[in-house]
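Inspection log for the structure reproduced underneath, given as structure tokens.
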Amino acid sequence: MSLLVTNIGELVTNSDRRLGLARDMAVVTENDRIAWVGPAHRAPAADDILDVDGAAVLPGFVDSHTHLVFAGDRAAEFAARMAGEPYTGGGIRTTVGATRAAPDSVLRDNTTRLVTEMRRQGTTTIEIKSGYGLNVDDEVRSLRIAAELTSETTFLGAHVVPAEHAGDPWKYVGQVVGPMLAAARPYAKWIDVFCERGAFDEDQARTVLAAGQAAGLGLRVHGNQLGPGPGVRLAVEMGAASVDHCTHLDDADVDALASTAIDCMCADGGHSTTVATLLPGAEFSTRSPYPDARRLLDAGVTVALATDCNPGSSYTSSMPFCIALAVREMRMTPAEAVWAATAGGAHALRRDDVGRITVGARADLIVLDAPSHLHLAYRPGVPLIRSVLHNGVPQ
Ligand code: NIG
Ligand code: FE
């Protein structure tokens, strides 16, 4: 089955770091792949035609950081924060309680609802973490449900130390790297750890990541969210694909990230890059200072944007909202933000088949109700996603 998407006013291909913009273009998809990209007047015939009437077309968003498997919500905690309470991450245990108590059907329905919400807003690749089970059975079922919905699944048994292990965090780390990892392994592609005061310290985080690596999982880190700390440097040292949040960085952190950036033309095509994944929904929802994206970009760091969708620190499923925040609050240009939400996310997942519109890539496209990618930040809060193709299939 082939489809000609034509009359594209502005096409974002991401064939270069400046979006690879082109005008008056067409794209042909063949089943789940992109088969042809070029000027509309030279387009080959296809089984079907989608005339987008001058609209902008982008690669589907790549949301490389979400925590979608949970039950309940924490709206009251949000209200308390907006009345002045600080965010500490302590509420994670509230969601752990609700998640453990929920039947599979409730977890599956909630996760599916959020994935559907994301797709409507243009997200076509989604990473999903566990991390609200924090025992063998509940971590495994979280990952099993996540794996029904995406191939980008992440074992986050090391999210926080659950209440029943509060007195002995190392004993809990032993559980994470022992029986939990063994049971999670068949359903997980990645392992993640929350390396932060109040969660896991550097030695504990290194132990978790090393065990995951030995089990064949790729590495991701939550680091430097609530304060300065060792997360970023540990992520770089261990070759993690991404370190996420990056809100409190010192010069050594920025230098370490820059030393891995894809602009270094690494022989492996960027697969040794540690991406800085920024999650502005978290700063919005916790009323915290935003990360300094400008400093990272100016240093040459590879930056991704993601939603961090979770019931505590960032209950948004909207990549367009994160793009608008990144532009308005983090001094990213609209082009940098759109790149970070598509190609940047693909780098954070070490994928070269998504986040771009080039021949051979997956046929994951967004048609905007707008003539340019600029409108994603220029018209915040407006539903600009007219249609989405995922694996070549209109959603
Ligand atoms: O990425 N930082 C740790 N984990 C989540 C928050 C989870 C929660 O508050 O429930 C985050 O912000
Ligand atoms: Fe997170």
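Whatever order the structure lists them in is the order used to number ligands and atoms, beginning at 1.
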inquiry  = Can you report which non-hydrogen protein atom sits closest to atom 2 (N) of ligand 1, along with the distance?
reply    = Q225 OE1, 2.6 Å
query = Which residue owns the protein heavy atom closest to atom 11 (C) of ligand 1, what's the atom, and how far is it?
reply = D308 OD2, 3.1 Å
inquiry  = Heavy-atom distances under 4.0 Å decide this one: backbone, side chain, both or neither, for S313 against ligand 1?
reply    =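 Under 4.0 Å from ligand 1, S313 contributes backbone and side-chain atoms.
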ask   = Using a heavy-atom cut-off of under 4.0 Å, does the side chain or the backbone of E196 touch ligand 1, or both, or neither?
value =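 The answer is neither; E196 stays 4.0 Å or more away.
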Approximate separation, where rounding is to 0.5 Å, of D292 CG and R331 CZ = 5.0 Å
query = How many angstroms lie between atom CD1 of I323 and atom CD of E336, to the nearest 0.5 angstrom?
reply = 12.5 Å
Go through ligand 1 atom by atom and flag the ones less than 4.0 Å from a non-hydrogen atom of [X].
| X | result |
| --- | --- |
| H245 | 1 (O), 2 (N), 11 (C), 12 (O) |
| I92 | 7 (C), 8 (C), 9 (O), 10 (O) |
| H65 | 1 (O) |

inquiry  = Check for me whether the distance between the ring centres of F284 and F321 falls short of 6.0 Å.
reply    = yes
ask   = When the ring centroid of H347 is compared with that of W339, is the distance short of 6.0 Å?
value = yes
Would a 4.5 Å heavy-atom cut-off, applied to side chains only, mark [X] and [Y] as touching?
| X | Y | answer |
| --- | --- | --- |
| P169 | Q204 | yes |
| W190 | L219 | no |
| R113 | R108 | no |

query = Got a sec: does the CZ of R294 have more than 12 other heavy atoms crowding it under 6.0 Å?
reply = yes
request  = May I have the angle between H65 NE2 and H67 NE2 with its vertex at the Fe ion (ligand 2), rounded to 10°?
outcome  =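 Taking the Fe ion (ligand 2) as the apex, I get 100° for this pair.
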Look at ligand 1 and say whether [X] reaches it with a heavy atom at a distance under 4.0 Å.
| X | value |
| --- | --- |
| H159 | yes |
| Y87 | yes |
| T95 | no |

query = Considering F194, F70, Y132, which one's heavy-atom position lies nearest to atom 8 (C) of ligand 1?
reply =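 The residue whose heavy atom sits nearest atom 8 (C) of ligand 1 is Y132.
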key: Heteroatom of D308 nearest to the Fe ion (ligand 2) (N, O or S, atom name)   =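 Result for D308 and the Fe ion (ligand 2): OD1.
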request  = Spell out, as yes or no, whether a donor-acceptor pair under 3.5 Å connects the side chain of R93 to the backbone of V96.
outcome  =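 Not confirmed, R93 side chain does not pair with V96 backbone.
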ask   = Counting backbone and side chain alike, does H222 bring an N/O/S atom below 2.8 Å of the Fe ion (ligand 2)?
value = yes
